[in-house]
Amino acid sequence: MDALRSYGVCLREPALESPRLGTSGAYKRRNAQWRSPRAAVVPNFHLPMRSYEVKNRTSTDDIKALRLITAIKTPYLPDGRFDLEAYDDLINMQIVQGVEGVIVGGTTGEGQLMSWDEHIMLIGHTVNCFGGSIKVIGNTGSNSTREAIHASEQGFAVGMHAALHINPYYGKTSLEGLISHFDCVLSMGPTIVYNVPTRTGQDIPPRVIHALAKSPNLAGVKECVGNDRVKQYTDNGIAVWSGNDDQCHDARWNYGAMGVISVTSNLIPGLMRELMFGGKYPSLNLKLMPLIEWLFHEPNPIGLNTALAQLGVARPVFRLPYVPLPRAKRVEFVNIVKEIGREYFVGDKEVEVLDDDDFILIGRY
């Protein structure tokens with residue numbers, strides 16, 4: 001009986017017998033016949049769907065060792081479905097240029113515009129095709145703990161090496177709620193916590209991260225607040241990746257960051273690798289600033305989507321609500337490419353200024 005209850009089965013109990021019970025007593029007697037399922041209060045009752053094969057080939061230390069991780073773009077076909085051929089080409093360019101990991105279905109990859117079926121399929125596809133050459137980190141975070149748990153179970157089941165988890169957004173929660181939320185997903189495998197309060201409306205303060213650091217599965221933090229926060233963690237032995245491309249050089253070489261989770265490396269993976277592996281290189285960092293500033297003129301991934309379309313690497317297809325940058329900014333990008341050098345950018349086609357009519361905007365897909 002106890003074993004059945006431990007699996008969440010509601011068992012009928014003998015009725016309470018009392019000849020002196022009135023109407024109120026009868027009500028209590030009826031409601032005493034059912035017990036709450038114990039699964040509701042047993043921690044980690046649902047075992048993570050993470051195979052020994054994945055466990056044996058990936059450790060938290062493997063993730064901590066990564067210096068350059070690309071938040072990879074998801075290209076689309078004209079009907080709005082994934083363009084997996086273009087996606088594969090883009091991943092291959094990252095591997096050839098020395099990128100060590102990819103975030104699949106993150107903010108840059110527009111996970112927020114995917115169904116969970118699409119999301120898990122893309123993680124599985126990436127693992128299947130490239131998991132032996134690059135670490136695959138699936139964005140399985142959600143503002144719903146239930147969804148985050150389920151997506152992480154599925155992501156690890158299809159072989160991702162680590163999960164990226166954002167804090168619950170919009171609804172927000174207390175600091176204790178943040179810790180409880182992350183504790184639920186940390187048990188499943190290597191995890192990077194993503195702090196970007198400009199998007200979530202809530203900062204993840206150091207107090208929360210220090211509490212989570214007790215878990216052996218915390219690989220580290222993708223931190224977008226700034227380099228002072230980065231230093232707070234590195235001084236305490238917590239791995240951090242800069243989430244801001246414009247600050248990543250100094251984060252790496254002056255504040256002790258492990259590296260960067262980058263948007264810009266979609267376009268110039270080789271130069272971003274040099275920035276993360278080649279020692280202090282302020283002149284290169286300064287040279288890349290016009291491109292980085294251009295990329296984030298509008299909310300990411302609008303600039304990146306526009307850039308990859310003009311480089312001929314992805315079709316000019318946008319899932320709404322994203323729309324391309326205006327023509328003046330598209331002209332500006334072509335000039336930036338020429339200034340840095342076309343040979344440093346992904347793809348082999350000439351960069352061009354696309355017209356408004358060249359873009360396809362998809363509202364229903």
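Values reported hereafter were calculated over all heavy atoms of this structure, with side chains retained and with hydrogens, waters and symmetry mates removed.
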Novice: Going only through I, L, V, M, F, W and Y residues with side-chain contacts under 4.5 Å, is there a path from I261 to I292?
Specialist: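 Unlinked, I261 and I292 end up in two clusters.
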Novice: State the CD1-CD distance between I268 and E274, to the nearest 0.5 angstrom.
Specialist: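 So the CD1 of I268 and the CD of E274 are separated by 10.5 Å.
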Novice: Quick one: are L275 and C248 in side-chain contact, heavy atoms under 4.5 Å?
Specialist: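 Of all side-chain heavy-atom pairs linking C248 with L275, at least one is under 4.5 Å.
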Novice: Taking side-chain contact (heavy atoms from CB on, under 4.5 Å) as the criterion, tell me which of I95, D89, D88 meets it with I91.
Specialist: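 One option only clears the test, and that one is I95.
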Novice: As an exercise, state the distance from NZ of K64 to CD1 of I238, rounded to the nearest 0.5 Å.
Specialist: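 K64 atom NZ to I238 atom CD1 measures 9.0 Å (nearest 0.5 Å).
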Novice: Is a donor from one side chain sitting under 3.5 angstrom from an acceptor on the other, for K280 and N254?
Specialist: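 Yes.
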Novice: Taking M276's backbone N and O only, do any of them form a donor-acceptor pair with R67's side chain (distance below 3.5 Å, no angle check)?
Specialist: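 Checking the backbone N and O of M276 against the side chain of R67, no donor-acceptor pair under 3.5 Å is found.
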Novice: Tell me if the CZ atom of R81 is crowded by more than 12 foreign heavy atoms within 6.0 Å.
Specialist: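 For R81, atom CZ is not crowded (no more than 12 foreign heavy atoms under 6.0 Å).
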Novice: Roughly how far, to the nearest 0.5 Å, is the CD1 atom of I137 from the NE2 atom of H165?
Specialist: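 CD1 of I137 is found 12.0 Å from NE2 of H165.
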Novice: Could you check whether any side-chain N or O of H161 sits under 3.5 Å from a backbone N or O of V136, counting only pairs where one atom can act as donor and the other as acceptor?
Specialist: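 At least one qualifying donor-acceptor pair exists.
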Novice: Taking all non-hydrogen atoms of both residues, which atom of V334 and which atom of V351 are closest, and how far apart?
Specialist: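 So the two residues come closest at CG2-CG2, 3.9 Å.
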Novice: Under a 3.5 Å distance rule, please check whether W294 uses its side chain to pair with a backbone N or O of K329 as donor and acceptor.
Specialist: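 Yes, W294 side chain to K329 backbone: donor-acceptor pair under 3.5 Å.
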Novice: Going through the distances and angles, do E153 and M188 end up as a side-chain contact (heavy atoms from CB on, under 4.5 Å)?
Specialist: CA-CA 7 Å; E153 285 177 335; M188 299 183 184; 4.0 Å; yes
Novice: Is the backbone N or O of L354 less than 3.5 Å from a side-chain atom of Q310, with the two atoms forming a donor-acceptor pair by type?
Specialist: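 A pair under 3.5 Å: yes.
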Novice: Just wondering, do V317 and L77 contact through their side chains at under 4.5 Å, heavy atoms?
Specialist: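 Heavy-atom side-chain distance check fails, nothing below 4.5 Å.
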Novice: Report whether L66 and I192 are members of the same hydrophobic cluster (ILVMFWY, side-chain heavy atoms less than 4.5 Å apart, transitive linking).
Specialist: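 Shared cluster, yes.
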Novice: Give the intermediate values and the outcome of side-chain contact (heavy atoms from CB on, under 4.5 Å) for residues T108 and I72.
Specialist: CA-CA 6 Å; T108 305; I72 201 73; over 6 Å; no
Novice: Under 4.5 Å between side-chain heavy atoms, hopping through other hydrophobics if needed: is there a path connecting F345 to L284?
Specialist: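 F345 and L284: one cluster.
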Novice: Within the side chain of R252, is there an N or O that forms a donor-acceptor pair under 3.5 Å with the backbone of G279?
Specialist: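 No; judged by distance alone, with no hydrogens or angles, the pair does not exist.
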Novice: Check this for me: E343, atom CD, are more than 12 non-hydrogen atoms of other residues, nucleotides or ligands nearer than 6.0 Å?
Specialist: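 Yes.
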Novice: Could you grab the distance from atom OH of Y169 to atom OG of S144, nearest 0.5 Å is fine?
Specialist: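 That separation rounds to 8.5 Å.
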Novice: Take S262 and D245 through the test side-chain hydrogen bond (donor to acceptor under 3.5 Å, both in side chains) and record every step on the way to the result.
Specialist: CA-CA 6 Å; S262 175; D245 284 346; 3.1 Å; yes
Novice: Are side-chain heavy atoms of L68 and V260 found at a separation under 4.5 Å?
Specialist: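 Of all side-chain heavy-atom pairs linking V260 with L68, at least one is under 4.5 Å.
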Novice: Measuring centre to centre across the rings, with the benzene-like ring taken for any Trp, is H119 within less than 6.0 Å of W116?
Specialist: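 So the answer is yes for these two rings.
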Novice: Hey, is the main chain of M272 close enough, under 3.5 Å, to the side chain of S265 for a donor-acceptor pair?
Specialist: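 A pair under 3.5 Å: no.
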Novice: For atom CG of D348, is the number of surrounding heavy atoms from other residues, nucleotides or ligands below 6.0 Å larger than 12?
Specialist: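 No, CG of D348 has 12 or fewer neighbouring heavy atoms, counting only those of other groups under 6.0 Å.
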Novice: Go through Q94 and F130 one step at a time and tell me if the side-chain contact (heavy atoms from CB on, under 4.5 Å) criterion holds.
Specialist: CA-CA 11 Å; Q94 301 296 306; F130 308 104; over 6 Å; no
Novice: Write out all pairs satisfying ring pair (Phe, Tyr, Trp, His ring centres under 6.0 Å) with one or both partners inside residues 172-201, taking only residues at least two apart or from two chains.
Specialist: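 Listed once each, the pairs would be none.
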Novice: Quick check: do D62 and S59 have side-chain heavy atoms less than 4.5 Å from each other?
Specialist: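 Side chain of D62 against side chain of S59, heavy atoms only: contact under 4.5 Å found.
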Novice: Considering non-hydrogen atoms only, spot the tightest contact between L311 and K349 and give its length.
Specialist: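 Minimum heavy-atom separation between L311 and K349: O-CB, 3.8 Å.
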Novice: Considering residues, nucleotides and ligands other than K231, do more than 12 of their heavy atoms fall under 6.0 Å from its NZ?
Specialist: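 For K231, atom NZ is not crowded (no more than 12 foreign heavy atoms under 6.0 Å).
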Novice: Say whether, by atom type as modelled, one donor and one acceptor occur between the side chain of E350 and the main chain of R342 under 3.5 angstrom.
Specialist: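 Absent.
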Novice: Would you name the heavy atoms of G256 and T234 that are closest together and state the gap between them?
Specialist: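 Shortest heavy-atom contact: O-CG2, 3.2 Å.
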Novice: Could you tell me whether the side chain of I149 reaches within less than 4.5 Å of the side chain of T140, counting heavy atoms only?
Specialist: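 T140 does not reach I149 side chain to side chain.
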Novice: For D358 and D355, indicate whether the former's side chain and the latter's backbone hold a donor-acceptor pair under 3.5 Å.
Specialist: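 Checked: pair present.
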Novice: Are any of the side-chain heavy atoms of L122 and M114 separated by less than 4.5 Å?
Specialist: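 With C-beta onward as the side chain, the pair touches.
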Novice: Do N217 and T191 have side-chain N/O donor and acceptor atoms under 3.5 Å apart?
Specialist: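 No pair is found: no donor N or O on one side chain lies under 3.5 Å from an acceptor on the other.
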Novice: Using only atom types and a distance under 3.5 Å, with no angle test, would you say the side chain of N195 pairs donor to acceptor with the backbone of I204?
Specialist: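 Answer holds: yes.
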Novice: Tell me whether H125 at atom NE2 has more than 12 heavy atoms from other residues, nucleotides or ligands lying less than 6.0 Å away.
Specialist: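 Buried by this count: over 12 neighbours within 6.0 Å.
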Novice: Under 4.0 Å between a side-chain nitrogen and a carboxylate oxygen: does that hold for R330 and D356?
Specialist: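 Salt bridge present between R330 and D356.
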Novice: Using the rule given for side-chain contact (heavy atoms from CB on, under 4.5 Å), can you reason through T107 versus R199, listing the C-alpha separation, both sets of side-chain angles and the distance that settles it, and then say yes or no?
Specialist: CA-CA 10 Å; T107 306; R199 288 183 182 267; 3.3 Å; yes
Novice: Measure the CD1-CG distance between I179 and N167 for me, rounded to the nearest 0.5 Å.
Specialist: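 Result: 12.5 Å between the selected atoms.
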Novice: Checking Y365 now: which residues fulfil side chain to side chain contact (heavy atoms under 4.5 Å, CB included) with it, not counting sequence neighbours?
Specialist: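 Checked Y365 against side chain to side chain contact (heavy atoms under 4.5 Å, CB included); matches are L113, R319, I362.
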Novice: Can you find a heavy atom in the side chain of T126 that is under 4.5 Å from one in the side chain of Y87?
Specialist: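 Yes, close enough: below the 4.5 Å cut-off.
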Novice: Does atom OH of Y344 have more than 12 heavy-atom neighbours from other groups under 6.0 Å away?
Specialist: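 No, the 6.0 Å shell around OH holds no more than 12 heavy atoms from other groups.
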Novice: Decide side-chain hydrogen bond (donor to acceptor under 3.5 Å, both in side chains) for Y76 and E110; before the verdict, give the C-alpha distance in whole Å, the side-chain angles of both, and the deciding distance to 0.1 Å.
Specialist: CA-CA 11 Å; Y76 303 115; E110 300 179 18; 2.7 Å; yes
Novice: Quick one: are P206 and R229 in side-chain contact, heavy atoms under 4.5 Å?
Specialist: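 Yes. Closest side-chain heavy atoms under 4.5 Å.
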Novice: Rounded at 0.5 Å granularity, tell me how far CD in Q232 sits from CD1 in I209.
Specialist: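 That separation rounds to 11.0 Å.
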Novice: Between D250 and N227 (side chain of the first, backbone of the second, donor and acceptor by atom type, cut-off under 3.5 Å), is there such a pair?
Specialist: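 Side chain of D250 to backbone of N227: no pair is present.
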Novice: According to a hydrophobic-cluster definition based on side-chain heavy atoms being under 4.5 Å apart (Ile, Leu, Val, Met, Phe, Trp, Tyr only), do I123 and I69 belong together?
Specialist: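 Each belongs to a different hydrophobic cluster.
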Novice: With the 4.5 Å side-chain cut-off for hydrophobic clustering, are V196 and I302 part of the same group?
Specialist: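 No; I302 is not reachable from V196 via cluster members.
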Novice: Please find the pair of heavy atoms, one from G347 and one from M93, that lie closest to each other, and give the distance.
Specialist: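 Nearest pair, atom of G347 first, then M93: N-SD, 3.6 Å.
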Novice: For Y322 and P301, which heavy atoms make the closest approach, and how far apart are they?
Specialist: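 Where Y322 meets P301 most closely, the heavy atoms are CZ-CD, 3.5 Å.
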Novice: If you compare all heavy atoms of T60 against all heavy atoms of A219, which two are closest, and at what distance to 0.1 Å?
Specialist: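 Minimum heavy-atom separation between T60 and A219: CG2-CA, 3.4 Å.
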Novice: Under the side-chain hydrogen bond (donor to acceptor under 3.5 Å, both in side chains) criterion, do N266 and T70 qualify, and how do the steps go?
Specialist: CA-CA 6 Å; N266 278 275; T70 297; 5.6 Å; no
